[in-house]
> 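Encoded as structure tokens, here's the structure I'll be asking about.
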Amino acid sequence: MRIIEVKDYQQMSNRAAEFIIEKVVQNPSIKLGLATGGTPIGTYKSLIEDHKMNGTSYQKVTTFNLDEYMGLSGDNKNSYRYFMNNQLFNYIDMNKAKSNIPSGIAADFQEECDRYEDLIAKHGGVDLQILGIGSNGHIGFNEPGTSFDSKTHIVKLAPSTIQANARFFNRIEEVPTKAITMGIATIMKSKEILLLVSGEKKKEALFRLLNGEINESFPASVLKNHPCVTIIADKAAIADIKVHYSEKVPM
Ligand code: F6R
């Protein structure tokens, strides 16, 4: 794993955007895997700024989001479709028909999971997957205990995840308890992975990822089995963890 340490959230966002832009310029038809949540918002802002200033084009890009809440339609403000449109897609020249997110209101959710998994495969897989990490080590909505062989599937969210995500809702009772997520095996099929980690709340998870065993009780640990992972972590998250940096951005 390549580890890049940066000063803070802003620097993480800028560095991550640079990383993504370089790949999009190299391969304008790239298949990007995208995440939601608080972590990538700054990165998406930087992508939008770059698009406005330098005209980086996303017209040919295809995207696959990691997950979607079950029960929320795309026009619900808390759905991940709404999040993606409003944090990124509406402000770049993205062809939204090429943006894919599991449907939160499918008539048959198991069928929707299978359709999504097949769709990714039909496109030749994800070239670069962006990930955040839950404080319990989840990636996508793959909570501790999820099989490393899992494909896109339905999950029951862990109480800690519901608690963490309640900040985006008016009341914790409004947070859906189930979601559709790419599985661990789906994520691991991506050719390259970029994991973003910011803030003290993620320190323990990052420590465990870098120093712990590879184990299904800590889903992110599977990333150590992937041949091409870059982690961009800020000082608050990486603090006194002893690692060999591949790059330390001057602070
Ligand atoms: C988001 C996702 C989750 C988040 C994780 C961290 O699509 O799949 O795994 O990346 O919960 O969330 P934040 O960034 O809000 O701390």
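Bear in mind that the values here come from a model prediction, so they are computed numbers and not experimental data. Counting starts at 1 for both ligands and their atoms, following the listed order. These numbers come from the heavy atoms of this one structure, side chains and all, not from hydrogens, waters or symmetry mates.
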> Pick one of side chain, backbone, both or neither for how Lys202 approaches ligand 1, counting any non-hydrogen atom pair under 4.0 Å.
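Within the 4.0 Å criterion, Lys202 contacts ligand 1 through side-chain atoms alone.
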> With no hydrogens and no angle check, is any side-chain donor or acceptor of Lys202 less than 3.5 Å from a backbone partner on Ile133?
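Present.
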> For atom 5 (C) of ligand 1, what is the closest protein heavy atom, and at what distance to 0.1 Å?
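Here the nearest protein heavy atom works out to His138 NE2, 3.4 Å.
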> Taking the six-membered ring for Trp, are Tyr116 and Phe64 parallel (under 30°), tilted (30 to 60°) or perpendicular (over 60°)?
perpendicular
> If only atom types and distance count, is the side chain of Tyr44 paired as donor or acceptor with the main-chain N or O of Met84 below 3.5 Å?
no
> How far is atom 14 (O) of ligand 1 from its nearest protein heavy atom, and which residue and atom is that?
Thr39 OG1, 2.4 Å
> Backbone N or O of Ile184 within a donor-acceptor pair of the Ser150 side chain at under 3.5 Å?
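Judged by distance alone, yes, a pair lies under 3.5 Å.
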> Would you say Gly38 and ligand 1 have an N/O pair spaced under 3.5 Å apart?
yes
> Closest non-hydrogen protein atom to atom 1 (C) of ligand 1, residue and atom name please, with distance?
Thr36 OG1, 3.3 Å
> Verify, without hydrogens or angle tests, whether Gln11 (side chain) and Lys7 (backbone) share a donor-acceptor contact under 3.5 angstrom.
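At least one qualifying donor-acceptor pair exists.
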> If you measure every N/O of Gly37 against every N/O of ligand 1, is any gap under 3.5 Å?
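Looking only at distances, the answer is no, because the N/O contact criterion of under 3.5 Å is not met.
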> Within the distance-only criterion (no hydrogens, no angle test), does the side chain of Asp50 pair as donor or acceptor with the backbone N or O of Ser46 below 3.5 angstrom?
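No, Asp50 side chain to Ser46 backbone: no donor-acceptor pair under 3.5 Å.
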> Does Glu68 approach ligand 1 within less than 4.0 angstrom via side chain, backbone, both or neither, non-hydrogen atoms only?
neither
> Hey, can you tell me if Tyr80 and Tyr69 have their rings parallel, tilted or perpendicular (30° and 60° cut-offs)?
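Rings of Tyr80 and Tyr69: tilted, 30 to 60°.
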> Would you find a donor on one side and an acceptor on the other, under 3.5 Å apart, between the side chain of Thr181 and the backbone of Gly140?
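Side chain of Thr181 to backbone of Gly140: no pair is present.
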> List the closest protein heavy-atom neighbour of atom 6 (C) of ligand 1: residue, atom name, distance to the nearest 0.1 Å.
Ile133 O, 3.4 Å
> Only heavy atoms of Asp67, strictly under 4.0 Å: list the atoms of ligand 1 that pass.
1 (C), 2 (C), 7 (O), 8 (O)
> As an exercise, identify every atom of ligand 1 less than 4.0 angstrom from a heavy atom of Gly140.
2 (C), 3 (C), 8 (O), 9 (O)
> Tell me: protein heavy atom nearest atom 10 (O) of ligand 1, and distance?
Gly132 CA, 3.4 Å
